Chemist: 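What follows is a structure written as structure tokens; I'll ask about it next.
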Amino acid sequence: MVERTKYILDEADMPTRWYNVIADLDVPPPPPLHPGTGEPVGPDDLAPLFPPALIEQEVTTERYVDIPEDVLEVYRLWRPSPLYRARRLEKALGTPARIYYKYEGVSPVGSHKPNTAVPQAYYNAAEGVAKLTTETGAGQWGSALAFACATFGLECEAWQVRASYDQKPYRKIMMETYGTTVHPSPSKLTEAGRAVLAEHPDSTGSLGIAISEAVEMAAKDPNARYALGSVLNHVLLHQTIIGEEALRQFEQAGDTPDLIVGCTGGGSNFGGLTFPFLREKLAGRLNPVIRAVEPAACPSLTRGTYAYDFGDTAGLTPLMKMHTLGHDFIPDPIHAGGLRYHGMSPLLSHLYELGMYEAQAFGQRDCFAAGVQFARAEGIIPAPEPTHAVAACIDEALRCKETGEEKVILTALCGHANLDLPAYGSYLSGEMVDNELNEATLRESLAALPAGV
């Protein structure tokens, strides 16, 4: 009897609605606040940055939002994405656990990011917007938005965190191939960037700084809007197609996950996989443990404070109630550039406070060791970001080896590392070091949180 390795849905079975977890919460998440008035932010406050459709999705309490047909048409280039049974990894570990991974590296840019980039570009184009600005860390989000803007005929300008701009030149080339203009951040093109460079001329940058630059440029241009690749409600909403597909694929497999693991930076990949399963858990139909995994160098969930803070370094965004390390915190230049964000999605932060999932942090050397082990068994080299989840999966599978428990583990392999190989080179050569967050640095950063909120 042939053992099945992958579970693939037909295009006709692809979900046609995104799921909004807020509809199933007894306690709504705290609203974003205007930094000047301290009052909840309204649609008019967001209008300079986002089109009406995305603002509506940001605040909706409806359980489902229909996916426009024009977006579904683009999704069909790579969706539905496969669910794999990691049989070769299971064998290599000698574990009785059953390991599955939902693989988003099949998208045109090799990650989960187009799941939200495509609808964001679509809604902006429908409103007559000519240009989108954005930030990007490792370059996966910038590549996704570049692809989406090319698809819908929009200009795109991206600020890439300097550390990743230098480490990952092929992401820059990919963005430019799609027609996007790319700048290292901090740059001299914006007031926010110039302010950072004046104080730290050799700054390696951060997502918070890059957000400030992209928001500043969008606010100055009446024909431009801003697009964000994680953190906000509408972004996590779009990513739920991952979990919706996975639920249907587990029906094919005749299995049920006991543990769901995902890496977390801003939270879009993690929320996209877990929210549909959380809906089933809240309804009493499933009961998985849900676990977020973050870098020890930027541990907003495990060591941050739950407080109102800016989403960017310069303080141009609304104040959001989230787990934060402080908006002026600049993480060490670890290779998982997509996880170098000082905060966490406000919605995910709220769910964490409600006890709906757990979190742990890993050093990058352990993560890359897991990535190498996964690659040698399964063939796919994981992007630096999901190596965090892979490391947690392997740890759990080895525990099952000790206990004999036949636990079913699901993770999101949110992208491949074909353009991140220098990071693996650093690990394989022995040059990679772990960057543990210093307690004094954390205290100093948290001391600068906005007062009075």
Side-chain angles (χ1 to χ4, degrees), residues 17-23 25 28-71 113-135 141 144-145 148-149 152 154-156 211-212 214-241 266-268 271-272 275 308-312 315-322 343 345-350:
R17 300 184 300 177
W18 296 303
Y19 167 63
N20 176 27
V21 72
I22 294 174
L25 300 180
L33 303 179
H34 191 287
T37 65
E39 296 297 318
V41 167
D44 290 344
D45 297 311
L46 300 175
L49 295 180
F50 305 112
L54 292 179
I55 295 173
E56 182 178 345
Q57 290 176 7
E58 184 66 21
V59 301
T60 186
T61 56
E62 293 296 318
R63 181 168 286 106
Y64 297 101
V65 175
D66 290 335
I67 305 174
E69 178 54 41
D70 286 348
V71 172
K113 293 293 187 178
N115 296 331
T116 184
V118 169
Q120 288 193 52
Y122 164 78
Y123 288 121
N124 276 283
E127 289 294 323
V129 173
K131 176 181 177 180
L132 290 179
T133 69
T134 197
E135 77 294 327
W141 166 244
L145 191 65
C149 285
F152 290 103
L154 298 173
E155 293 180 46
C156 186
I211 291 171
S212 295
V215 168
E216 179 182 324
M217 293 300 282
K220 290 178 178 178
D221 186 346
N223 296 313
R225 294 293 183 271
Y226 168 69
L228 186 65
S230 192
V231 178
L232 297 181
N233 294 349
H234 68 268
V235 181
L236 275 65
L237 173 78
H238 300 156
Q239 293 291 355
T240 58
I241 192 167
S268 67
F275 283 178
Y308 271 102
D309 195 10
F310 292 105
D312 71 314
L316 301 178
T317 66
L319 292 166
M320 298 182 289
K321 189 74 174 288
M322 61 182 177
S345 154
L347 180 51
L348 277 173
S349 295
H350 178 62

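Since the structure is predicted, the reported quantities are computational estimates derived from the model, not experimental observations. In what follows, every heavy atom counts, from backbone to side chain, and hydrogens, waters and symmetry copies are set aside.
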Chemist: State whether the side chain of S212 and the backbone N or O of D312 hold a donor-acceptor pair below 3.5 Å, judged by distance alone.
Modeler: no
Chemist: Angle class for the F50/H234 ring planes (parallel below 30°, perpendicular above 60°, tilted otherwise)?
Modeler: perpendicular
Chemist: Taking side-chain hydrogen bond (donor to acceptor under 3.5 Å, both in side chains) as the test, write out the residues that go with R63, two or more places apart.
Modeler: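 Checked R63 against side-chain hydrogen bond (donor to acceptor under 3.5 Å, both in side chains); matches are D24.
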Chemist: Answer yes or no: is there a side-chain heavy-atom contact under 4.5 Å between L347 and V21?
Modeler: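 Side-chain contact under 4.5 Å: yes.
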Chemist: Please step through side chain to side chain contact (heavy atoms under 4.5 Å, CB included) for the pair E135 and Y226, ending with a clear verdict.
Modeler: CA-CA 9 Å; E135 77 294 327; Y226 168 69; 2.5 Å; yes
Chemist: Quick check against the 3.5 Å criterion: does N223 have a side-chain atom that pairs as donor or acceptor with the backbone of A130?
Modeler: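 Such a contact is absent between N223 side chain and A130 backbone.
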Chemist: Just wondering, do S230 and K113 contact through their side chains at under 4.5 Å, heavy atoms?
Modeler: yes
Chemist: In the structure I gave you, are the side-chain heavy atoms of P119 and W18 within less than 4.5 Å of one another anywhere?
Modeler: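 Counting from C-beta outward, P119 and W18 do come under 4.5 Å.
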Chemist: Tell me, do L46 and L54 make a side-chain contact under 4.5 Å, heavy atoms counted?
Modeler: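 Side chain of L46 against side chain of L54, heavy atoms only: no contact under 4.5 Å found.
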Chemist: Give a yes or no answer on whether the side chain of E39 reaches the backbone of H34 with a donor-acceptor pair at less than 3.5 Å.
Modeler: no
Chemist: Checking the side chain of N20 only, and the main-chain atoms of E62 only, is there a donor and an acceptor separated by less than 3.5 Å?
Modeler: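 Yes, the answer is positive, given that a donor and an acceptor are paired below the 3.5 Å cut-off.
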Chemist: For the residue pair V129 and Y123, establish whether any side-chain heavy-atom pair is separated by less than 4.5 Å.
Modeler: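 Contact flag for V129/Y123 side chains = no.
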Chemist: Quick one: does V231's side chain get under 4.5 Å of M320's, heavy atoms only?
Modeler: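 Yes. Closest side-chain heavy atoms under 4.5 Å.
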Chemist: Below 4.5 Å, heavy atoms only, C-beta onward: do P30 and H350 meet side chain to side chain?
Modeler: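 When only atoms from C-beta onward are counted, H350 and P30 do touch, with a gap below 4.5 Å.
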Chemist: Quick one: do L132 and L145 satisfy side chain to side chain contact (heavy atoms under 4.5 Å, CB included)? Show the steps, please.
Modeler: CA-CA 9 Å; L132 290 179; L145 191 65; 4.0 Å; yes
Chemist: Indicate yes or no for a side-chain donor-acceptor contact from T133 to the backbone of M217 under 3.5 Å, with no hydrogens or angles considered.
Modeler: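 No.
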Chemist: Report the C-alpha distance between V118 and H238 in whole Å, list the side-chain angles of each, state the deciding distance to 0.1 Å, and finish with yes or no for side chain to side chain contact (heavy atoms under 4.5 Å, CB included).
Modeler: CA-CA 9 Å; V118 169; H238 300 156; over 6 Å; no
Chemist: Run the numbers on V71 and I241 for side chain to side chain contact (heavy atoms under 4.5 Å, CB included), then give the verdict.
Modeler: CA-CA 12 Å; V71 172; I241 192 167; over 6 Å; no
Chemist: Take a 6.0 Å sphere around CD of E58 and say whether it holds more than 12 heavy atoms from other residues, nucleotides or ligands.
Modeler: yes
Chemist: Less than 4.5 Å apart, side chain to side chain, heavy atoms only: is that true for W141 and T116?
Modeler: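 Of all side-chain heavy-atom pairs linking T116 with W141, at least one is under 4.5 Å.
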Chemist: Sub-3.5 Å donor-acceptor pair from the side chain of T240 to the main-chain atoms of Y19, do we have one?
Modeler: yes
